[in-house]
There are 2 protein chains.
Amino acid sequence: MPPGARLAVSTVIFALTPDADGDLPSLRIPLVRRLREPDKGRWALPGGWLPTTEALDVAAARTLAETTGLTPKHLEQLYTFGDLDRSPGERVVSVVYWALVHTNEIAHAVSDSNVCWFDEDSLPDLAFDHRGILDYALRRLRTKLEYSGIAHALLGETFTIAQLRGVHEAVLRRRLDPANFRRTVEASGTLVDTGTRLAGTRHRPPALYRFDDTSDPHPAPLIRTQTPTPCPGSGTAHQEQPPIAPDELRERDFSTTHQG
Amino acid sequence: MPPGARLAVSTVIFALTPDADGDLPSLRIPLVRRLREPDKGRWALPGGWLPTTEALDVAAARTLAETTGLTPKHLEQLYTFGDLDRSPGERVVSVVYWALVHTNEIAHAVSDSNVCWFDEDSLPDLAFDHRGILDYALRRLRTKLEYSGIAHALLGETFTIAQLRGVHEAVLRRRLDPANFRRTVEASGTLVDTGTRLAGTRHRPPALYRFDDTSDPHPAPLIRTQTPTPCPGSGTAHQEQPPIAPDELRERDFSTTHQG
DNA sequence: ACAAAAGTGTTCGCCTTACACCCATGG
DNA sequence: CCATGGGTGTAAGGCGAACACTTTTGT
C-alpha cells in the first residue's frame, strides 16, 4: 500500500480593486512566484503540502495566510485535481479551495516581489495547470454569486446597496438595474439596515447595511452514526474486497466526468 | 516533507429498483461490508487506496467495478473529505465520487453477502463518516437533477418520457405534471425520438427516446499555458515561500466553509 | 437651482403551473 | 366500448426586466 501521491492544498483568492472612486471595481487575484523547480520563477496559486495533523480547510487558510498575509471572509472547497501529468516527475494531488477577502483586508496583504496582485484580465502565465484551475474558480464564483449572498464577503463589514451591486456588476461583467437589484437583495432578507448612512457623497447619502449571517441557505451536511444491520437478500458469490477508505464532509458542489 | 495523509477514493452509487411494473421506482445504493479493521463488519461505500499511477476518476471507476461489478453511466466528483478524526489511528483523505448506473446494469452486479443493495430509506449503519457523505451525495443528486439532464443515466439506452418522469419523481420524491414535464424535456433538446414505440402496455404505446449527448451544458474547464510576465507594482519585504503544489481539473461544484 | 445618485411605483411580457381535453391501444 | 395512460391545448398567476418618477443630498 503505497501513499499513492503527495497531497497539496492550494487556494484561488479573489478580492476587489480598492475602489477607484466611482468607477466599477474589478476582480484581483494574488499569485506567488515559485522559488523552486519545477516551474521555478512562474506565478502560481498560494498553497503548500498538507501536514498530517491539519484539516484541509485549515491548511488552506494557513498556507494562504502565510504567503499572502490574508485572512479570508469566505473559504470554500473548489475541486480536487489529481491527473497524472500535472507536475513533472512527481504525482501530486491538489485539493483546491477558493476564497473571498474584504477590500480593507488587502491593505494587510504581503507586498513583495514574489507576491503580486493581478487583474482578472491581465493574468500572467501560470505554473502547472493553475490557469485552468483559476478559470474554473472564476466560473464557480460567477455561478454562485447569482443564487447565493456571498458578494458581501468582498466588501467590508458595512456597505451600501450600490456597493453590493457594484460587486455583482464587476463579477458578472454586466450592468444591473439599480431598482430591481435593490428589491431583490431586500427581499432575500439577508441584509440588515444599520441605521447609519454613508456621508461624503456628492448626492443623497445611501443607507449602510450589514450582512445577516444567521440564515445559511446552503447548510453543511451532518454526520451521524447508528448500529449494524444484516444484509436483507443475499446471493452467493466470491468477492475480493479492496481496502475501503473512510471519508469526511463539508458542503455543496457539482462536477462531472463521463465514463462509459 | 511527509506524505501528509493516505489518499483514498470512494464512490456513492445510485441505481433504481428494477421497476415494479407500474409502481414508482425508488433509489438504491450498493454498499460493501468491511472485511478489516477499523470498522470491520460495517457497511461502507465502495472504494480503495489511490494508486500512484492512476487518475482519480479512473481509480473511482475501477474500485467500484471491482467491488460491485458495475460500470457507471455517469461518474462525477462529489467532494474531498479530510478531517482529522475520520478514521481511527490513521489520517485518511478521501476523494469521493458519485455515480449513476443503468437499470439493466444491475443484473450484472456482484451478488454477495458482502455486497448489498439498500433502499434509500432503509439504510444500515455505515462505517466512518460514510452516512454523512451519502446524505450529501443525495442532496447533490436532487439538486443537479433539477437543472441537468442526468436522469437518463439511471435508465437504459432507450426510454419513454413517462419512465424519465418516474426517475425524477422518485429522486425528487414528489409528483410531476406529465404534460408539463413532457414539454420541458422536449424543449431542452436533449431527447431524440427513436421512431419506435414501447409495446405490451395495456394502453396507447408510448414513444421511445434516446438521450442526445452531443451537447453538454456544463463543460469541463480547459487548460492552457502562455509565457511569463513581470510583477507590475512590487513592494519590498521578505517572505518565506512554502512549496507550491500543482493542481488538476474536471467539472463543476459548490462547497462552503466559513473562516473568519 | 441643478446634477446625480438613492429609492419607489408600475407596467409588460415571459415562463411556470394547473387542468381540461383528445388520442390510441388492450382487454 | 370502456379504461388507462400517452399526448396536446390553453388560460391564470407569479416573477423578473424595463423604465418613469419622486427624494435627498452636495455644489
Side-chain angles (χ1 to χ4, degrees), chain A residues 19-25 142-143 145-149 151-152 155 158-170 172-210 217, chain B residues 19-25 142-143 145-149 151-152 155 158-170 172-210 217:
Chain A
D19 74 320
D21 192 43
D23 274 348
L24 215 65
R142 296 203 162 98
T143 304
L145 202 67
E146 291 185 319
Y147 69 82
S148 171
H152 70 95
L155 296 166
T158 64
F159 47 86
T160 69
I161 288 191
Q163 285 171 337
L164 192 65
R165 176 167 49 86
V167 176
H168 280 255
E169 290 178 341
L172 300 179
R173 289 176 164 283
R174 72 162 183 269
R175 288 290 178 179
L176 299 174
D177 186 297
N180 296 330
F181 181 82
R182 160 180 298 275
R183 275 185 290 254
T184 302
V185 295
E186 277 177 346
S188 76
T190 55
L191 293 193
V192 186
D193 194 330
T194 62
T196 59
R197 288 174 178 276
L198 182 63
T201 61
R202 53 182 172 285
H203 39 265
R204 176 174 174 174
L208 281 169
Y209 292 84
R210 184 185 311 281
Chain B
D19 74 320
D21 190 43
D23 274 346
L24 214 67
R142 298 206 160 95
T143 305
L145 202 67
E146 291 184 319
Y147 69 81
S148 170
H152 68 96
L155 295 166
T158 63
F159 47 86
T160 69
I161 289 191
Q163 286 172 336
L164 192 66
R165 176 167 49 86
V167 176
H168 281 256
E169 289 178 341
L172 300 179
R173 289 176 164 284
R174 73 162 183 270
R175 288 288 177 180
L176 300 173
D177 187 299
N180 296 331
F181 181 83
R182 160 179 298 276
R183 275 185 289 255
T184 302
V185 296
E186 277 177 343
S188 77
T190 54
L191 292 193
V192 186
D193 194 331
T194 62
T196 59
R197 287 171 180 277
L198 181 64
T201 61
R202 51 183 173 284
H203 38 265
R204 175 173 174 175
L208 281 168
Y209 292 84
R210 184 185 310 282

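Here is how names work: the chains are called A, B, and so on, in the same order as the sequence lines, proteins then strands, and each is numbered from 1. All values reported here derive from a predicted model rather than from experimental measurement.
As rounded to whole Å, 10 Å separates atom P of D:dA17 from atom CD of A:Glu146. As rounded to whole Å, 16 Å separates atom C1' of C:dA5 from atom CZ of A:Phe181. The nearest whole Å value for the distance from the CZ atom in A:Arg182 to the C1' atom in D:dT22 is 13 Å. For the pair B:Phe159 CZ and D:dG6 C1', the computed distance is 16 Å after rounding to whole Å. Note: CD (A:Gln163) to C1' (C:dA6) measures 13 Å, nearest angstrom. Atom CZ of B:Arg175 is separated from atom C1' of C:dA18 by 17 Å (rounded to the nearest Å). Atom CG in A:Leu198 sits roughly 14 Å away from atom P in C:dA5 (whole-Å rounding). Here C:dC19 presents its C1' atom at 16 Å from CG of B:Leu176, a figure rounded to the nearest Å.
Contact record, B:Leu176 with B:Phe181: CD1-CD1, 4.0 Å, taken as the closest heavy-atom pair. B:Arg197 and B:Pro205 make their closest contact through NH1-O, 2.9 Å (heavy atoms, listed as atom of the first residue, atom of the second, distance). When all heavy atoms are compared, the tightest approach of A:Tyr209 to A:Leu191 is CD2-CB, 4.0 Å.
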Which is it for A:Leu24 and A:Arg175 under the side-chain contact (heavy atoms from CB on, under 4.5 Å) test, yes or no, and what are the steps along the way? CA-CA 10 Å; A:Leu24 215 65; A:Arg175 288 290 178 179; 3.7 Å; yes

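Applying side chain to side chain contact (heavy atoms under 4.5 Å, CB included) to B:Arg182 and the options B:Leu164, B:Asp177, B:Ile161 leaves one that passes, B:Ile161. Of the candidates A:Leu198, A:Leu155, A:Thr201, A:Thr160 forms a side chain to side chain contact (heavy atoms under 4.5 Å, CB included) with just one, namely A:Leu198.
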Taking N or O atoms only and anything under 3.5 Å, show me the protein contacts with nucleotides 23-26 of chain C, one pair per line.
unit_1, atom_1, unit_2, atom_2, d
C:dC23, O2, B:Arg204, NH1, 2.9

Filtered N/O pairs between nucleotides 18-20 of chain D and protein, under 3.5 Å:
unit_1, atom_1, unit_2, atom_2, d
D:dA18, N7, A:Asn180, ND2, 2.8
D:dA18, N6, A:Asn180, OD1, 3.2
D:dA18, N6, A:Arg183, NH2, 3.2

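When side chains are defined from C-beta on, A:Arg142 counts as touching A:Arg173, because their heavy atoms get closer than 4.5 Å. For the pair B:Thr158/B:Thr196, no side-chain contact is recorded, criterion being any heavy-atom separation below 4.5 Å from C-beta on.
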